[in-house]
Amino acid sequence: MKKIIAALAFFLVLFSLVSCGGKKTEYPLSVNGTPINGEIFTYYLDRAYSDAEGGATRAERVTYATNMCIRYVALNSTFAQRGLSLSPAENLKCSNEANALWEMYREYYEALGVSKETFVKIRLSEAFRETLRLTLFDEGGSSPIPDSELKAYFDENYVAVKLIRGYLFTTDVYGNEKEYTDDELKRIKERYDLACEQVNKGTAIDLMYSVLAGSGEQDVSESLKTEVITDGSSYYPKGFYDSVRAVEKGKAAVFVFDDYIYLVYRADVLADEALFKNHRSECLNAVSEKPLSDEIDLMCNAYTSVRNTTLVEKYCEKTDKVIRNP
C-alpha cells in the first residue's frame, strides 16, 4: 500500500512539473532579453496619453511605452553597474511618496491591472534617475556643473523681493467685504507712490511699513525677509513676476493686481549667498536636465527591444477601455 501511495505521489509531482513546464509565461516586451511584464508596459502606455511626447495614435503610444520600458531597464541596469544606492532617507522619502500617490490613484491603476508593487518599482526607478543626476553633475560628480553656471541660471530665472502689500477693500461690522470709494483708492495709491519715491531715494522699505500701515485706512502686510520668486509662483498673481522682473535691481515700484496694491523692492538675487544655496538644487535640476536626458538616451542606444504584438494589442485595448470609461 505504501508503495502504491509513493508511486502515486511521484506521478502527481511529475504531472505538476510537466504542467508548469508546459505553460510558458509570455510578456508584451523584452529589452536586451530582459522580459518586461504587462504591468510595467501598461503603466507607460497609460502615461503616453498624458505626456506631450506620447503621440496621438496607438502606434505612437506603443512606441512611447516601448522607449520608456527601455529607459526603465537602462536606468536600473546603469544604477546597479555603477554600484549606486539610495540612502535610507531617500528610500523612505520615495516609499512615502509612492504610498501617498498609490492611495490617491489606487482604483485607477488597479483597473489598468497595475499593482502597487509595480507602481513602487517605477517610482524607485525615477529616484535612481535623480541619484544618477547628482553622480554625474553635482559637486564631486564625473561632469560637475560649475556654480557659476548655476548662479547665472538663478539670476536669469529668479527675482528677490521685499514687499509691502495692502488690501484694496475693507470689511464692514458683519465681516462682509466693502469696496473703497474712488477718493479713498486715490489716497491709498498716492501714499504708496510717495513711499516708493522714498525707497528709491535710499530709505529702507522696512521703514515704510509703519508709514503705510499707520493711516488705519486699510489692512497692510509686510514681507519681513527677502523672498525669492519664479515665473508661475502660485502665491502671487499672474503677471507679478514679469512686472517685478522689469524693475531695476535696487529699485522699488508700485503695482496693483486685483484687490491688492504692492510696494515692491527688487533686491539683487545674487547679493546674498544664502539665497542661492537655498535654491541651488532647483537650479541644478533645471540646468542638468538636458545633459542628463542626453546621457540616458546614450545609455538607451545600447538596448534593443522585441515586442509580442498580440499581447501588446491586448494591453492597448484594455488601457483604451479604462481611459475612455474611468
Side-chain angles (χ1 to χ4, degrees), residues 29-37 39-44 46-48 50-54 64-105 109 114-154 157-158 230 276-305:
L29 187 73
S30 66
V31 177
N32 274 26
T34 300
I36 301 297
N37 67 36
E39 293 187 22
I40 295 174
F41 182 79
T42 298
Y43 177 91
Y44 288 121
D46 172 67
R47 184 187 284 187
S50 57
D51 194 317
E53 299 179 358
Y64 172 91
T66 300
N67 290 337
M68 291 300 291
C69 287
I70 291 173
R71 175 180 172 273
Y72 173 81
V73 173
L75 266 175
N76 292 359
S77 299
T78 301
F79 194 81
Q81 290 165 5
R82 288 174 175 263
L84 301 176
S85 62
L86 298 180
S87 68
E90 289 169 333
N91 264 313
L92 180 61
K93 179 183 177 184
C94 185
S95 176
N96 289 340
E97 290 176 350
N99 286 330
L101 288 170
W102 177 256
E103 289 307 313
M104 291 174 62
Y105 302 110
Y109 281 112
V114 177
S115 67
K116 182 178 181 180
E117 181 183 4
T118 295
F119 184 81
V120 171
K121 280 182 181 179
I122 292 172
R123 298 295 301 182
L124 276 173
S125 185
E126 292 302 318
F128 295 166
R129 184 181 191 273
E130 294 311 303
T131 297
L132 183 62
R133 181 198 303 275
L134 299 180
T135 301
L136 293 171
F137 304 114
D138 200 5
E139 292 176 323
S142 56
S143 304
I145 296 174
D147 273 1
S148 58
E149 189 174 340
L150 300 182
K151 286 182 177 180
Y153 178 87
F154 186 50
N157 294 276
Y158 293 70
T230 61
F276 170 68
K277 287 183 178 179
N278 289 339
H279 295 273
R280 184 182 180 280
S281 60
E282 298 169 18
C283 295
L284 178 63
N285 287 350
V287 175
S288 65
E289 184 57 32
K290 187 179 186 310
L292 177 61
S293 295
D294 290 343
E295 182 70 22
I296 292 173
D297 287 344
L298 191 61
M299 288 159 34
C300 291
N301 287 340
Y303 292 80
T304 57
S305 64

Partners of Tyr43 by ring pair (Phe, Tyr, Trp, His ring centres under 6.0 Å), sequence neighbours excluded?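 Partners of Tyr43 by the ring pair (Phe, Tyr, Trp, His ring centres under 6.0 Å) criterion, ordered by chain and then number, come out as Tyr109.
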
Ring pair (Phe, Tyr, Trp, His ring centres under 6.0 Å) partners for Phe79, two or more places apart: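 Expected list: Phe128.
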
Which value, rounded to the nearest 0.5 Å, describes the distance between [X] atom [atom1] and [Y] atom [atom2]?
| X | Y | atom1 | atom2 | answer |
| --- | --- | --- | --- | --- |
| Ser288 | Leu136 | OG | CG | 9.0 Å |
| Asn278 | Phe154 | CG | CZ | 8.0 Å |
| Thr230 | His279 | OG1 | NE2 | 8.5 Å |

Verdict with supporting geometry, Glu130 and Arg133, salt bridge (Lys or Arg N to Asp or Glu O under 4.0 Å): CA-CA 5 Å; Glu130 294 311 303; Arg133 181 198 303 275; 2.8 Å; yes

Is there a donor-acceptor pair under 3.5 Å between the side chain of Ser95 and the backbone N or O of Asn91?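 It does not hold such a pair.
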
Got Leu86 and Leu124 here, is their nearest side-chain heavy-atom distance under 4.5 Å?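 Side-chain contact under 4.5 Å: yes.
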
Decide yes or no for Leu75 and Ile296: does some side-chain heavy atom of the first lie under 4.5 Å from some side-chain heavy atom of the second?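 Yes; the side chains approach each other to less than 4.5 Å.
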
Where is the tightest heavy-atom contact between [X] and [Y], given as atom of each residue plus distance?
| X | Y | result |
| --- | --- | --- |
| Trp102 | Lys116 | CH2-N, 3.3 Å |
| Pro144 | Asp138 | CB-O, 3.4 Å |
| Ala98 | Val120 | CB-CG2, 4.1 Å |

Which residues pass the side-chain hydrogen bond (donor to acceptor under 3.5 Å, both in side chains) test with Asn76, sequence neighbours left out?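 side-chain hydrogen bond (donor to acceptor under 3.5 Å, both in side chains) check on Asn76 returns Ser125.
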
Ion pair Glu126/Lys93, N-O distance below 4.0 Å: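 No.
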
